[in-house]
Chemist: 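Pasting in a structure now, in structure tokens, and then I'll have a few things to ask.
A note on names: the letters A, B, ... follow the listed sequences, proteins ahead of strands, and every chain is numbered from 1. Computed from heavy atoms alone, side chains included, the values below leave out hydrogens, waters and symmetry copies.
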Amino acid sequence: MQYWLFKSEFATFSISDLAHAPNQATTWEGVRNYQARNFLRDDINVGDQAFFYHSTSQYSKYSPPGIVGIIEVVKSGYPDDSAFDPNSRYFDPKSCREKPTWYQVDVRLVKSFTHYVGLDLIKASPELKDMVVARKGNRLSISKVTPDEWNFICFFLSRGKTVEQWW
DNA sequence: GCCAACGTTGGC
DNA sequence: GCCAACGTTGGC
């Protein structure tokens, strides 16, 4: 069992979209980065849990960006169908069904937070400062989270406070 | 809206 | 294999 962090832009697919999806589940499609693809194809297993992270976007209600929920993997890596669909924004003519370039997993919502863990708090916490998402210029949309980082963040969330209240 | 940082592409 | 140019991401 491993822990991960999945990024999504608020305007593209929000935690609210997931909460309202059938069975509160979705296909995590459209990842077009090789390092993240390798995670999806080779390393992410059923039962793995991940933080749902909203990065900065124009319409996001989350400012600063941050971790807004927990999701669980319900189907491990399989070819990303959106790459084969000319009408999809994720269409990639170089990927074919015989030898797919891109992979996806299926996830379901475990928990949506009322109080989220903002990037400012992540950066300000010595326990979290090594998280991939805290690194300058980081663009990796799927990254590993250590058990210590996971537990620390869950501890924060169990306090039930907003970032402002905590500080 | 700006721009730094990054990943990918393509010419050589 | 190098690296400049380009397009994109994402914090602010």
Chemist: Taking the minimum atom-to-atom distance to the side chain of A:K136, which one of B:dA4, B:dT8, C:dG10 wins?
Modeler: B:dA4

Chemist: B:dT9, C:dG10, C:dG11: which one has an atom nearest the side-chain heavy atoms of A:K94?
Modeler: B:dT9

Chemist: Rounded to the Å, how far apart are A:M131 CE and C:dG11 C1'?
Modeler: 16 Å

Chemist: Could you grab the distance from atom CG of A:N45 to atom CH2 of A:W4, nearest 0.5 Å is fine?
Modeler: 8.0 Å

Chemist: Once you round it to whole Å, what is the distance between P of B:dG7 and CZ of A:R32?
Modeler: 17 Å

Chemist: Report the distance from atom CG of A:N138 to atom P of B:dC3, rounded to the nearest whole Å.
Modeler: 22 Å

Chemist: At under 4.0 Å, does any side-chain N or O of A:K123 touch on OP1 or OP2 of C:dC12?
Modeler: yes

Chemist: Is A:T56 close enough to C:dG11 that one of its side-chain N or O atoms is under 4.0 Å from OP1 or OP2 there?
Modeler: yes

Chemist: In whole angstrom, give the distance that lies between atom CD1 of A:I122 and atom P of C:dC12.
Modeler: 11 Å

Chemist: Look up atom CD in A:E72 and atom CD in A:Q24, then write down how far apart they are to the nearest 0.5 Å.
Modeler: 12.5 Å

Chemist: A:R135 has an atom CZ; how far is it from atom P of C:dG10, in whole Å?
Modeler: 15 Å

Chemist: Who passes side chain to side chain donor-acceptor pair (under 3.5 Å) against A:S82, sequence neighbours left out?
Modeler: A:R32, A:D80

Chemist: With a 4.0 Å cutoff (strictly under), does any side-chain N or O of A:Y53 reach OP1 or OP2 of C:dT9?
Modeler: no

Chemist: Atom CZ of A:R89 to atom C1' of C:dT9: distance rounded to whole Å?
Modeler: 12 Å

Chemist: Whole Å only: how far is the CG atom of A:N38 from the P atom of B:dG7?
Modeler: 13 Å

Chemist: Starting at atom CD of A:E9, determine the distance to atom P of C:dT8, rounded to an integer number of angstrom.
Modeler: 13 Å

Chemist: Does any pair with a residue in residues 88-108 of chain A pass ring pair (Phe, Tyr, Trp, His ring centres under 6.0 Å), and if so which ones, sequence neighbours excluded?
Modeler: A:Y34-A:W102

